[in-house]
**Q** 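The structure under discussion is supplied below as structure tokens; questions concerning it will follow.
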Protein chains: 2
Amino acid sequence: MTKAPEKAPHRVTLEDVARRAQTSSITVSRALRRPEMVSEKLRARIAEAVTELGYVPDPAASALASRRSNVIGVLIPSVTNSVFADVLAGLYDTIAGQPFNAQLGNTRYAPGIEDALIRVFLGQRPAGLIVTGVDQSPVSRALLEAADCPIVQIMDLGNAPIDMMVGFSHRDAARTATEHLIARGYSCPAFIGARMDPRSERRLQGFRDALAAAGITEGARVVTTTTPSSVALGETLLAQLLAQAPETDAILCNNDDLALGVQFAALRRGIAIGPELGLCGFNDLEVMAAAHPSITSVRTFRREMGKLAIEMLLARIEGRDPDAKVRDLGYALMPRDSTRRDRA
Amino acid sequence: MTKAPEKAPHRVTLEDVARRAQTSSITVSRALRRPEMVSEKLRARIAEAVTELGYVPDPAASALASRRSNVIGVLIPSVTNSVFADVLAGLYDTIAGQPFNAQLGNTRYAPGIEDALIRVFLGQRPAGLIVTGVDQSPVSRALLEAADCPIVQIMDLGNAPIDMMVGFSHRDAARTATEHLIARGYSCPAFIGARMDPRSERRLQGFRDALAAAGITEGARVVTTTTPSSVALGETLLAQLLAQAPETDAILCNNDDLALGVQFAALRRGIAIGPELGLCGFNDLEVMAAAHPSITSVRTFRREMGKLAIEMLLARIEGRDPDAKVRDLGYALMPRDSTRRDRA
DNA sequence: ATGAAAGCGCTAACAC
DNA sequence: GTGTTAGCGCTTTCAT
């Protein structure tokens with residue numbers, strides 16, 4: 001079987017459907033997009049013709065004529081990070097069945113790539129755009145502000161939304177987690193962080209807020225790296241942390257992968273997670289509750305974020321007002337065995 | 001700031017660029033797509049005009065005129081499953097910089113959705129299509145065989161490729177893993193599986209192949225469910241397995257999430273992973289090597305699969321022949337502590 | 001409620 | 001190497 005460009009077999013067009021339904025192409029077009037504008041009888045004939053001929057609309061022609069595509073552009077910094085995978089899941093679930101197509105752009109945490117992708121996406125006259133975070137480059141920001149489609153910034157909050165926003169305060173979330181460690185009686189909490197994108201930096205800030213409020217000095221108990229996060233890295237950072245700050249009795253990890261790695265490393269070193277070393281992750285991936293010991297984490301509402309971002313866009317595309325331009329989804333501390341000093 | 005549809009400020013077109021460069025739009029078009037067809041002098045003038053005006057091509061117009069879009073459609077059954085996330089990462093890495101756009105379709109393991117998505121994608125006259133697995137519905141298969149673009153089936157192998165294929169034998173991989181368990185002295189290996197899509201079924205088949213070859217009876221040591229996989233499910237399935245087949249001394253898990261869940265559950269029950277219970281996962285996610293004890297798994301080459309799928313498509317789109325129409329990426333057993341009976 | 005005409009921005013086909 | 005013409009399949013605008 002060859003897949004070489006065979007002679008294109010005439011594509012079924014609105015014209016064809018119209019002929020079959022004994023009407024004009026524009027009426028078919030209307031019947032498909034705004035059925036209420038077409039009489040019931042005609043609508044039925046058209047529907048029949050559509051299925052009989054297997055008509056599929058051409059999005060390119062539609063986009064060209066209407067100067068508006070059905071593309072919803074989604075810019076995320078990483079496809080492998082399961083945090084974003086969850087956002088995407090919520091997003092795809094919500095967009096399914098809607099006449100829109102999510103188109104993914106992978107910025108790889110690089111502002112330059114993000115600028116370029118925004119340009120390309122805007123060139124498609126998207127129905128809407130979803131971008132990650134609130135720390136766009138000046139170039140990106142200018143492009144987005146001039147764009148004539150609705151835009152949602154996700155994953156974070158800030159006081160100067162480009163248009164709409166759905167996220168939560170990373171700083172507050174990390175502060176809450178740190179306060180939990182302190183309340184549980186850990187007196188020398190540490191922070192380890194990988195990747196250290198702007199959201200990670202805000203978490204570190206929240207950690208510091210809590211220490212300051214409790215009058216605890218930070219010492220050398222902050223270890224960060226720009227290396228991408230991984231479970232194995234948790235072990236490395238733990239070693240570094242304990243070497244430079246042996247007084248450490250609890251750790252807030254920038255994310256759950258690191259926390260898991262710390263837990264495995266502690267097991268290996270014979271350190272009792274909970275009694276000897278408190279441990280808290282971030283995001284609350286499914287594995288945290290199932291781990292042994294179970295690991296305390298801060299739950300974030302990632303699927304909901306994807307869902308809401310699409311819903312906000314749809315509202316605006318349909319001319320409705322979204323419930324609010326800025327939505328704070330909050331977070332939820334999930335205390336577990338890894339922060340229990342009295343564990344068996 | 002309002003994002004309501006403002007008056008569209010005239011889009012920069014080829015015409016505009018042409019006027020500025022004192023030539024015709026078709027020449028600008030050529031200069032952009034096949035620079036070698038345009039004289040060097042003109043090309044320079046055009047390049048200058050393009051940047052000065054900030055020209056961005058309109059993919060819709062291009063698709064309409066050329067009857068060929070720059071979309072590469074990608075159909076996967078799940079966005080959250082990190083196995084597919086890795087494939088996507090390889091795929092996005094490889095497509096970056098190429099004049100193509102990957103467009104994701106989420107089939108959610110439902111043939112009906114897959115049929116519909118294929119229709120929609122084909123309606124875009126894609127440059128190529130990537131579909132997961134070799135078990136398409138008759139409808140999907142017919143659509144794909146009639147499509148006039150190159151197609152790659154990924155994640156599995158089969159003897160009737162629609163066009164091209166890149167994957168590995170799940171059956172052989174599972175057989176190898178089971179043989180490893182048997183070789184390590186485990187005499188009553190079990191299989192637990194979640195989701196049980198066609199690829200999982202083939203792994204189970206491979207498990208059975210190995211038992212048969214070794215003359216081991218299967219007994220009640222196969223526990224499967226159609227529930228989506230998770231770490232927590234590993235614990236549930238382990239309980240069920242041990243209840244119905246207490247003789248079990250090793251487990252091949254359908255994937256790594258389950259294996260991790262089994263390991264945590266074993267820890268909780270005081271079962272020594274390795275000496276008392278052999279454990280093997282599937283896919284070799286990063287966490288397997290970092291776990292304590294480290295967990296034996298079968299490595300699969302997921303990023304490479306994404307990369308190769310794109311490369312094969314690009315080859316065909318550019319009229320070259322891919323190195324081969326069917327590529328077997330194989331797999332690699334990664335023996336670790338979880339299958340060492342002599343572990344401390 | 002329905003239709004005719006025009007054109008979205010680009011490229012294929014064919015000149016020169 | 002460069003330009004002209006026509007048209008991709010749809011929607012907009014304006015008429016009826």
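Lettering follows sequence order; numbering is per chain, from 1.
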**Q** Ignoring hydrogens and angles, does a donor from either the side chain of B/Arg30 or the base of D/dG3 sit under 3.5 Å from an acceptor on the other?
**A** yes

**Q** Should B/Asp148 and B/Arg68 count as an ion pair when the cut-off is N to O under 4.0 Å?
**A**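 Yes, charged N to carboxylate O under 4.0 Å.
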
**Q** Using whole Å, what does the distance between atom C1' of nucleotide C/dT11 and atom CG of B/Asn70 come to?
**A** 14 Å

**Q** When the nearest nucleotide of DNA chain D is assigned to B/Leu42 and to B/Ala65 on a heavy-atom basis, which residue is associated with the more 5' position?
**A** B/Leu42

**Q** Starting at atom CG of A/Leu14, determine the distance to atom P of C/dA5, rounded to an integer number of angstrom.
**A**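 To the nearest whole Å, that distance equals 18 Å.
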
**Q** From C/dT11, D/dT12, C/dG9, pick the nucleotide closest to the side chain of A/Ile26?
**A**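 Nearest to the side chain of A/Ile26 among the choices is D/dT12.
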
**Q** A/Tyr55 has an atom OH; how far is it from atom C1' of D/dG9, in whole Å?
**A** 7 Å

**Q** It should be established whether B/Thr27 places a side-chain nitrogen or oxygen under 4.0 Å from OP1 or OP2 of nucleotide D/dG3.
**A**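 Yes, within the criterion.
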
**Q** Measure the distance from CZ on B/Arg68 to C1' on D/dG9 and round it to the nearest whole Å.
**A**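 About 16 Å, once rounded to whole Å.
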
**Q** Determine the minimum heavy-atom distance between B/Ile46 and B/Ala31, stating which atoms define it.
**A**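 Smallest heavy-atom distance, with atoms named: CD1-CB, 3.7 Å.
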
**Q** What integer distance in Å separates A/Met37:CE from C/dT2:P?
**A**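 It is 10 Å, rounded to the nearest whole Å.
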
**Q** Is the backbone of A/Leu75 close enough, under 3.5 Å, to the side chain of A/Thr132 for a donor and an acceptor to pair up by distance?
**A**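 Side chain of A/Thr132 to backbone of A/Leu75: a pair is present.
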
